[in-house]
Amino acid sequence: AQSVTQLDSHVSVSEGTPVLLRCNYSSSYSPSLFWYVQHPNKGLQLLLKYTSAATLVKGINGFEAEFKKSETSFHLTKPSAHMSDAAEYFCVVIPDEDSSYKLIFGSGTRLLVRP
Amino acid sequence: NAGVTQTPKFRVLKTGQSMTLLCAQDMNHEYMYWYRQDPGMGLRLIHYSVGEGTTAKGEVPDGYNVSRLKKQNFLLGLESAAPSQTSVYFCASSYVLYGGGDGELFFGEGSRLTVL
C-alpha cells in the first residue's frame, strides 16, 4: 500500500538551532512530494514541493527538503529555527500519476520552538 | 484577495441535526475539496469536485453530501449528524487536480464542528 510516515509526532528545538522533520514514503513509482505547514487555527499552506526536478528543493521561510529515492525519504530541514516556525507540518505524497492520482497526508509533526 | 473562505467557523450540533458548511473561493479554480482533520490522522478526503456541477467521493464520504452548483462554491452537508463527525473540516481548491505539477492546494481556515 502506498503511504507516508512522519517519524516524529512532536519535535522540540531551541530558537536558533537546526530543525529536522522526518518523512518516509512508500510508492512503486516516482512520487510528487510536498510539505505543508499549519499554524494554529489556520489552514494549511504549501512550504515546498518535489516533482521530479532537482532533488534538493527550497521552500518559503528558509525551509528545504531533499528527495532521496534510495532511502524513500523527504526530510524537511531549516538551519536556524525561529519562534514563528512553531506549527504543525504535514508531509504529503501523490504516489503516482495514474487513475488513483490522489494526495496522501502524513499524520503531522508538531514543532515547538523554545526561546 | 480572500482566497478560500469557510463559514461557519464554529458550530455545535446535537445528534441527528443537520447542517451545511459553505466554502467559497475567488481564484476561479476548477477543483475543490472537503477534508476532515482528526488528531493524529492527518487530513482525509471526504468529497471533491472537478468542476461546476460535478462531485465525487473521497476516502471517507459516508454521512456527508456535497453540491457544486456554482464554480466558486462547494457545500458540505450533514443530514443527520453523529458524534463521530466531530472534527475540523477544511475546504481547499486548486487549478491542478490535487495540486500536482506546478499547482498547490489553497486551504480555508477550517470549520470546527462538535456533535453532542
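These values consider heavy atoms only, across backbone and side chains, with no hydrogens, waters or symmetry-generated copies. Chain identifiers are assigned alphabetically (A, B, ...) following the order of the sequence lines, protein sequences preceding nucleic acid strands; residue numbering begins at 1 within each chain.
- Cluster annotation: B/Trp34 and B/Leu69 are assigned to distinct hydrophobic clusters (Ile/Leu/Val/Met/Phe/Trp/Tyr, side-chain heavy-atom contacts under 4.5 Å, transitive).
- By the criterion of side-chain heavy atoms lying less than 4.5 angstrom apart, applied directly or through intervening Ile, Leu, Val, Met, Phe, Trp or Tyr residues, B/Phe74 is not grouped with B/Tyr95; the two fall into different hydrophobic clusters.
- Of the atoms belonging to A/Gln38, it is side-chain heavy atoms, and not backbone ones, that fall under 4.5 Å from chain B.
- Considering all non-hydrogen atoms of both residues, B/Gly40 and A/Ser107 come closest at O-CB, 3.3 Å.
- Counting heavy atoms from C-beta on, the side chains of B/Leu43 and A/Val92 never come closer than 4.5 Å.
- Proximity to chain A involves both the backbone and the side chain of B/Leu105, based on heavy atoms less than 4.5 angstrom apart.
- Transitive grouping of hydrophobic side chains (ILVMFWY, heavy atoms separated by less than 4.5 Å) brings B/Val50 and B/Leu45 into a common cluster.
- For the atom pair A/Leu103 CG and B/Leu97 CG, the distance stands at 8.5 Å (nearest 0.5 Å).
- For B/Glu79, the CD atom is loosely surrounded, since the number of other residues' heavy atoms within 6.0 Å does not exceed 12.
- In terms of heavy-atom pairs under 4.5 angstrom with chain B, the leader among A/Leu44, A/Leu46, A/Asn41 is A/Leu44.
- At a threshold of 4.5 Å between side-chain heavy atoms, the hydrophobic network of Ile, Leu, Val, Met, Phe, Trp and Tyr places B/Leu113 and B/Leu116 in two separate groups.
- A/Tyr89 and A/Tyr50 end up in the same hydrophobic cluster when Ile, Leu, Val, Met, Phe, Trp and Tyr side chains are linked at under 4.5 Å.
- Contacts of B/Tyr35 with chain A are made by side-chain atoms alone, with heavy-atom separations under 4.5 Å and no backbone atom involved.
- Taking CD from B/Glu59 and CZ from A/Phe105, the interatomic distance works out to 10.5 Å, rounded to the nearest 0.5 Å.
- Counting all heavy atoms, side chain and backbone alike, A/Lys42 lies closest to B/Phe90 at O-CE2, 3.8 Å.
- Nearest heavy atoms, B/Glu104 versus A/Lys49: N-NZ, 4.4 Å.
- In this structure, no portion of B/Gln6 lies under 4.5 Å from any heavy atom of chain A.
- Summarising the local packing, CZ of B/Arg44 is surrounded by more than 12 heavy atoms from other residues, nucleotides or ligands at distances under 6.0 Å.
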